[in-house]
Amino acid sequence: MPELPEVEEYGRYFTRHALNRTIKRVDVRDERILGIVRKDAFTRRLRGRAFTHVRRHGKHLFVQAGTTWLHLHFGMTGDLLFYRDAAETPRFARVIFDFNDGSHLAFDDMRLFGVVDLIDDPDTFIAEHRLGRDPLDPKFKAADFRKLIAKRRGGIKALLMSQDFVAGLGNLYVDEILYETGIHPRRSAEKIKDLDAIYTTMRKIVRKPNRKLPRDEGELCPKCGGTIKRAVVAGRTTYFCGGHQR
DNA sequence: TTCCATGTTCCGCA
DNA sequence: TTGCGGAACATGGA
């Protein structure tokens, strides 16, 4: 379930379990999960090393291992699992790291939309892929958000989901932000007055998701009693309240 | 069997 | 140049 808050949690999970253990063996079970790097290079460059430091930007996780960085993207169904007993190997493990102490870390991904790769430098990656600011970055202020949005036009939902605008928001959290702020997902960004409310709500939800938006068409809105509607906006199934979201 | 899925990218069109 | 809709990717679950 990977949007920013989930990827942040994977980062903490990685830090808690898989740092500073020597990598004894790298098992690439399905090469389709790899990005640029080929299987033999991937294995060779990590074997004997240890992961030392985890960094996240938007939905991307970067883990330092000597002079290289492991890059993880979770796609729709990516997951991370640390375990000691090989019998616990998850069903769709695509890459498994075996550590010297007998423990394992698996990247599990049923649909294979995720990516496991090696990169030289996260900052270069972020720049090259034109990723926007991370909502959890303490230096990302309301004034920065206002400046950014002033340069853009188009529907607010599509904009908030654009990783080059702000990195890390996906379908569910954008719906949540618009529900909380009472904004219709198709409203033009340039017509929104209260940008600070979006900024504040975005930061709040990404820190502590509340998942209050009902995801059933026809249900009554707990906020205003309006009817929950379902539509396709920016190419994604969207739930919003026909009552208070304008 | 059919539809749908918390993501990204590429293409054609306006 | 920007934004948008649609399709593609791969696979299982309801």
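Only this structure's heavy atoms are used, side chains among them; waters, hydrogens and symmetry mates stay out. All figures in this text were calculated on a predicted structure; none of them were measured in a lab.
The closest side-chain donor-acceptor pair between A:Thr68 and A:Arg45 falls under 3.5 angstrom. A donor-acceptor contact under 3.5 angstrom links the side chains of A:Arg230 and A:Tyr239, judged on distance only. Side-chain polar atoms of A:Asp134 and A:His57 form no donor-acceptor pair below 3.5 angstrom.
Counting any heavy atom pair closer than 4.0 Å across all strands shown, A:Gly155 reaches sugar-phosphate atoms only and no base atom. Residue contacts shown for A:Phe92 are limited to sugar-phosphate atoms, with no base heavy atom under 4.0 Å away. A:Leu112 comes within contact range of the sugar-phosphate backbone alone, with a heavy-atom separation under 4.0 Å but no base atom that close. A:Arg152 comes within 4.0 angstrom of the backbone, heavy atoms only, and of no base. Looking at heavy-atom distances under 4.0 Å, A:Gly235 makes no contact with the nucleic acid at all.
The side chain of A:Arg111 places no N or O atom within less than 4.0 Å of a non-bridging phosphate oxygen (OP1 or OP2) of C:dG12. Using a 4.0 Å cut-off, some side-chain N or O of A:Arg91 falls inside it from OP1 or OP2 of C:dG13. Close to B:dT8, at under 4.0 Å from its OP1 or OP2, lies a side-chain N or O of A:His73. Between A:Lys59 and B:dT8, a side-chain N or O to OP1/OP2 separation shorter than 4.0 Å is present. Residue A:Arg32 places at least one side-chain N or O closer than 4.0 Å to OP1 or OP2 of C:dT11. Remark: A:Thr237 is in phosphate contact with B:dA5, judged by side-chain N or O atoms under 4.0 Å from OP1 or OP2.
Relative ring orientation between A:Phe14 and A:Phe51 is described as perpendicular, the plane-to-plane angle rising above 60° on a 0-90° scale split at 30° and 60°. Using the six-membered ring where Trp is involved, A:His17 and A:Tyr13 have ring planes that are perpendicular, over 60° apart on the 30 and 60° scheme.
The partner of C:dA7 is B:dT9, judged by Watson-Crick or G-U wobble contacts that both fall below 3.5 Å.
One can place CG of A:Asp108 at 18 Å from P of C:dA10, the figure rounded to the nearest angstrom. Distance CZ (A:Arg230) to P (B:dC3): 13 Å, rounded to an integer number of Å. B:dA5 atom C1' lies 13 Å from atom CD of A:Glu3, rounded to whole Å. When rounded to the nearest whole Å, the span between CD of A:Glu8 and C1' of B:dT6 equals 17 Å. Distance, A:Met161 CE to B:dT9 P: 13 Å, rounded to whole Å. Distance A:Asp109 CG to B:dG7 C1': 10 Å, rounded to the nearest Å. When the P atom of B:dC10 is taken as reference, atom CZ of A:Phe113 falls 15 Å away, rounded to whole Å. Between the CZ atom of A:Arg130 and the P atom of B:dC10 there is a distance of 12 Å, given to the nearest Å.
Residue ring and nucleobase are not stacked for A:Tyr173 and B:dT6 under a centre distance beneath 5.5 angstrom and an angle between planes beneath 30°.
Of the candidates C:dA10, C:dC4, B:dA5, C:dC4 carries the atom nearest the A:Ala158 side chain, counting heavy atoms from C-beta on. Taking only side-chain atoms of A:Arg153, from C-beta outward, the nucleotide of B:dT9, B:dT8, C:dG3 with the closest atom is C:dG3.
With DNA chain C read from its 5' end, the first of the two nearest nucleotides for A:Met110 and A:Gly154 is the one closest to A:Gly154.
Using a 4.5 Å cut-off on side-chain heavy atoms (C-beta onward), A:Pro135 and A:Leu4 make contact.
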